[in-house]
Number of protein chains: 2
Amino acid sequence: MSKTYSISELANEFDVTTRSIRFYEDQELLRPARRGQTRIYSSKDRVRLKLTLRGKRLGLSLAEIRELFSLWDETRSGSEKQLHLMLSKIQERRAALEQQMKDITMVQLELESAEIRCRQALEELHQKQEEEAP
Amino acid sequence: MSKTYSISELANEFDVTTRSIRFYEDQELLRPARRGQTRIYSSKDRVRLKLTLRGKRLGLSLAEIRELFSLWDETRSGSEKQLHLMLSKIQERRAALEQQMKDITMVQLELESAEIRCRQALEELHQKQEEEAP
DNA sequence: AAACAAGTTTACGTTAACGTAAAGATGAAG
DNA sequence: CTTCATCTTTACGTTAACGTAAACTTGTTT
């Protein structure tokens, strides 16, 4: 018997609303089991949710995330044509991620330089204060 | 006389619609000059647009991007209180970027492993083909 | 039994980021 | 002059990703 989770347990752990979790299921990102009408989440479901939120932090739409999931799922069962299509989709995503890495690096540099400017401005303010009250 | 750009020049260069560019202006991300009623973009405006699109690729909302711009703009003129607020905002952003870096690394690993699975599945298919026609 | 907590479905509302269409101004080309 | 190409404003439409509220079921605590 591996561990299971209620919807609110997951909602608390990952700091999202139950509404969102149910919505992700509606979008076919999750497929929890049921006991009666109550949803029961396995640790696999939990991983899916984690991956979903990770994708969101990268700015992916739910549709794009779903596509990645089905890519992964069909890796085992695909035909040759399918597999080649998957490979190209995977390449596409990897290229986008590399672009994002570059973007992040650039923005980090800009923020760093903004921080330096900020600290310099602060120093100048403090020097003026010393001049006013010697 | 430094170079200027029309709205459609920028739209072509960055592969966005003129509608989007005007919308960004509406959201106060751009402030192009005017000749008559026609917009004229300086190279500074062009940089702003480039930064805007970079932010979008990272999943930032236009509001967040605007906040970053005003942080940068006010670095020179802020009061001490303002400057400290800016520093904390900058830290916030840098932390988010680091998280994003980690996320990207994870997803890259997952894609890599999906690619390997994919290639293995292809190899198995080809081996079967050889068995069928020796 | 009554109340309470946690879950459910259904459905309408909201916000961001544009798309799209209509109607007009402006300068250059035929 | 008129016919374009490119620009403009105004305004309504659309999609994604939920928020919010209402009404109901189910289990358990008092």
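Owing to the predicted nature of the structure, the values given are computational and were not obtained by experimental measurement. These numbers come from the heavy atoms of this one structure, side chains and all, not from hydrogens, waters or symmetry mates. Every chain is numbered from 1 and lettered A, B, ... according to where its sequence line falls, protein lines coming before strand lines.
A straight line from CZ of F14(B) to C1' of dC18(C) spans 19 Å, rounded to a whole angstrom. Rounded to whole Å, atom C1' of dG7(C) lies 11 Å from atom CZ of R35(A). Taking atom CG of L49(A) as the reference point, atom C1' of dA17(D) lies 15 Å away to the nearest angstrom. The distance from atom CD of E25(A) to atom C1' of dG7(C) is 13 Å, rounded to the nearest whole Å. Separating the CZ atom of R34(B) from the P atom of dC7(D) is a distance of 13 Å, rounded to the nearest angstrom. What separates CZ of F23(B) from P of dT20(C) is a distance of 15 Å, to the nearest Å. What separates CD1 of I21(B) from P of dG19(C) is a distance of 11 Å, to the nearest Å. Whole-Å rounding puts the Q27(A) CD to dA17(D) C1' distance at 8 Å.
For the OP1/OP2 pair of dA16(D) and a distance below 4.0 Å, the side-chain nitrogens and oxygens of K56(A) include no atom meeting the criterion. The phosphate of dG7(C) has OP1 or OP2 within less than 4.0 Å of a side-chain N or O from S6(A).
Between I40(B) and R19(B), the residue anchored closer to the 5' end of DNA chain D is I40(B), taking for each the nucleotide with the nearest heavy atom.
Checking E115(A) against Q91(B) by side-chain atom types alone, a donor-acceptor pair falls below 3.5 Å.
The base of dT8(D) does not come close enough to the side chain of R22(B) for any donor and acceptor atom to sit less than 3.5 Å apart. For R39(B) and dT8(D), a side-chain-to-base donor-acceptor distance below 3.5 Å is absent, hydrogens and geometry of angles not being considered.
Rounded to the nearest 0.5 angstrom, T52(B) OG1 and R57(B) CZ are separated by 11.0 Å.
Across dT8(D), dG7(C), dA17(D), the shortest atom-to-atom separation from the side chain of Q37(B) is found for dT8(D). In the set dC18(D), dG7(C), dC18(C), dC18(D) carries the atom at the smallest distance from any side-chain atom of Y24(A). The side chain of T17(A) sits closest to dG19(D) out of dC18(D), dG19(D), dC18(C). The side chain of S8(A) sits closest to dA6(C) out of dA17(D), dA6(C), dT9(D). For S20(B), the listed nucleotide lying nearest its side chain is dG19(C); candidates were dT9(C), dA17(C), dG19(C).
No more than 12 heavy atoms of other residues, nucleotides or ligands sit less than 6.0 Å from atom CZ of R35(A).
Put simply, the side chain of I21(B) does not reach to within 4.5 Å of the side chain of F14(B), judged on heavy atoms.
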(request) Using the side chain to side chain contact (heavy atoms under 4.5 Å, CB included) rule, take E67(A) and R93(A) through it: C-alpha gap first, then chi angles, then the decisive distance, then the call. (result) CA-CA 11 Å; E67(A) 194 191 6; R93(A) 271 279 146 240; 5.6 Å; no

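Residue contacts shown for T18(A) are absent, as no nucleic acid heavy atom lies under 4.0 Å away.
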